[in-house]
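Here is the structure we will look at, set down as structure tokens.
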Protein chains: 2
Amino acid sequence: MSKRVQPAHLDVFDRKILAILQRDNMTPQRTIGDAVNLSAPAVQRRIKRMREEGVIRADVSVVEPEALGQSITIFVEVEVISETAEQIERAKSEFAAAPEIQQCYYVTGEADFILVIVVPLMADYEALTRRLFFGNNNVKRFRTFVAMDRVKVGLGVPVG
Amino acid sequence: MSKRVQPAHLDVFDRKILAILQRDNMTPQRTIGDAVNLSAPAVQRRIKRMREEGVIRADVSVVEPEALGQSITIFVEVEVISETAEQIERAKSEFAAAPEIQQCYYVTGEADFILVIVVPLMADYEALTRRLFFGNNNVKRFRTFVAMDRVKVGLGVPVG
DNA sequence: GCTCCAATGAAACAAAATTGCAAATAATCC
DNA sequence: GGATTATTTGCAATTTTGTTTCATTGGAGC
């Protein structure tokens, strides 16, 4: 399923490097080295190791949705009827497969799933609800929240 | 406030390039060029332009929270009492400033804000609620959802 | 058909990443 | 504590990648 990334012996150098890479992963190793007091090759080897260990899961460009005409961000709380392992797994893969679904979390509380959806128009969201929710007889109900402002968006994690 | 990113005249080349960069922005320009049938310099110039235009907002490493000991992801719906522009702006900057808050959206619907929070322990979340919610007399109520599984996580936007 | 403009590719160039290796550091064992 | 071993480092050389130059191509407008 999801890969384990437990202990991870990250020293203070690693953490400083991660802090930089989470802000800008195009920063030259030489510059990183200066910032953390390490040579460029040392930085390079640490980054390589952290990638292999799965500490760094990916390196991506962050694209402005509006530039692609995908100007609507929507949150959805989904509550399901049956929570058998099989049904939950089915829902997970269905949600994960939809390109409009940017993020999907399986949660405790008054809902079972929380989705972050990005679409060009409300009509697209409506079509998606028909397909994913009304067309799925294990969905009990769902609540929609439309984002008026993406105040803070990112995947940055505090380095401690 | 937030910078405008207009219509953005993105042709099919740009979109293909973005699709690749959203998956892996360390892909060599030559490789990208081969994939989209363009020379490396052409790819380089397009990427440069899209960065300047704000189409590409950032280039980052995605770090596994668990590797940093930040193993709890939490969603919070926040409902405020007064929705004056001033109060809302105050809340936005307060939420945006908290490092534990990875994402913050101002939304319509039964809540006013939706937050994505990443912390090492429940105790940290509890402390955060005291500071941000109980310590703020404009917060009417908030609902907490704890993530059991981060099914799909990313910031990828459909290019189609 | 001609000019102007923007975008392209090939080649030259610059910069950055990666590797090899000896030295330094840290850890382990007696 | 001291010797041995295993890591990790920095420097220098090498390779790969990114960037600039420049002549050419392909249109759009006239």
Side-chain angles (χ1 to χ4, degrees), chain A residues 4-64 66-69 155-157 159-160, chain B residues 4-64 66-69 155-157 159-160:
Chain A
R4 288 287 123 171
V5 186
Q6 259 78 359
H9 41 286
L10 301 177
D11 63 18
V12 64
F13 289 116
D14 292 325
R15 288 172 188 271
K16 282 185 187 171
I17 292 170
L18 286 178
I20 293 171
L21 292 182
Q22 283 193 99
R23 239 178 341 98
D24 179 9
N25 76 345
M26 309 280 273
T27 311
Q29 296 171 353
R30 160 77 190 283
T31 306
I32 299 174
D34 290 346
V36 305
N37 271 324
L38 232 54
S39 68
V43 171
Q44 130 80 7
R45 284 183 278 249
R46 283 167 180 270
I47 294 175
K48 177 172 150 68
R49 175 177 53 76
M50 290 193 284
R51 280 199 235 279
E52 289 167 353
E53 291 174 349
V55 174
I56 298 175
R57 186 178 279 278
D59 289 272
V60 302
S61 293
V62 180
V63 174
E64 180 65 41
E66 292 195 9
L68 283 166
L155 296 175
V157 178
V159 294
Chain B
R4 289 268 158 265
V5 181
Q6 311 74 2
H9 44 289
L10 301 176
D11 63 18
V12 64
F13 288 116
D14 292 325
R15 289 172 187 273
K16 282 184 187 171
I17 292 170
L18 286 178
I20 294 171
L21 293 182
Q22 284 193 99
R23 230 169 359 90
D24 179 9
N25 74 346
M26 309 281 274
T27 311
Q29 296 172 352
R30 298 178 206 294
T31 308
I32 298 174
D34 289 346
V36 306
N37 271 322
L38 233 51
S39 68
V43 171
Q44 131 81 10
R45 285 183 283 251
R46 282 165 180 272
I47 294 176
K48 179 178 191 305
R49 173 176 54 76
M50 290 193 285
R51 278 196 233 284
E52 290 167 351
E53 291 175 349
V55 174
I56 298 175
R57 186 178 279 279
D59 289 273
V60 302
S61 292
V62 180
V63 173
E64 181 65 41
E66 291 195 9
L68 283 166
L155 296 175
V157 178
V159 295

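First the proteins, then the strands, lettered A, B, ... as listed; each starts at 1.
Expressed to the nearest 0.5 Å, how far CG of A/L68 lies from CD of A/E66 amounts to 10.5 Å. Atom NE2 of residue B/H9 and atom CD of residue B/E53 lie 4.5 Å apart, to the nearest 0.5 angstrom. With rounding to the nearest 0.5 Å, the separation of CZ in A/R46 from CG in A/D11 is 4.0 Å. With values rounded to the nearest 0.5 angstrom, A/R51 atom CZ is found 5.0 Å from A/I56 atom CD1.
The span of DNA chain C lying next to chain B, judged by atoms under 4.0 Å from heavy atoms, is bounded 5' to 3' by C/dT8 to C/dA11.
Backbone-only engagement by B/R46 is indicated by non-hydrogen atom pairs under 4.0 Å involving sugar-phosphate atoms exclusively.
The nearest pair of heavy atoms linking A/V159 to A/R15 is O-NH1, 2.8 Å. When every heavy atom of A/A67 is checked against every heavy atom of B/L10, the shortest pair comes out as O-CD1, 3.5 Å. Contact record, B/F13 with B/V36: CE2-O, 3.2 Å, taken as the closest heavy-atom pair.
Note: CD1 (A/I32) to P (D/dT9) measures 14 Å, nearest angstrom. In this structure, the CG atom of A/D34 is 16 Å from the C1' atom of D/dT9, given to the nearest Å.
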For residues 21-33 of chain B, tabulate all N or O donor-acceptor pairs below 3.5 Å that involve a side-chain atom, not counting sequence neighbours.
residue, atom, partner, partner atom, Å
B/Q22, OE1, B/V157, N, 2.6
B/Q22, NE2, B/V157, O, 2.8
B/D24, OD1, B/M26, N, 2.9
B/N25, OD1, A/N25, ND2, 3.0
B/N25, ND2, A/N25, OD1, 3.0
B/N25, ND2, A/V60, O, 3.3
B/N25, ND2, B/D59, OD1, 2.9
B/T27, OG1, B/D24, O, 2.7
B/Q29, NE2, B/Q44, OE1, 3.3

Taking protein heavy atoms under 4.0 Å as touching, what does nucleotides 16-29 of chain D look like 5' to 3' if B marks base contact, S marks sugar-phosphate-only contact and - marks none?
-> -BBBBB--------
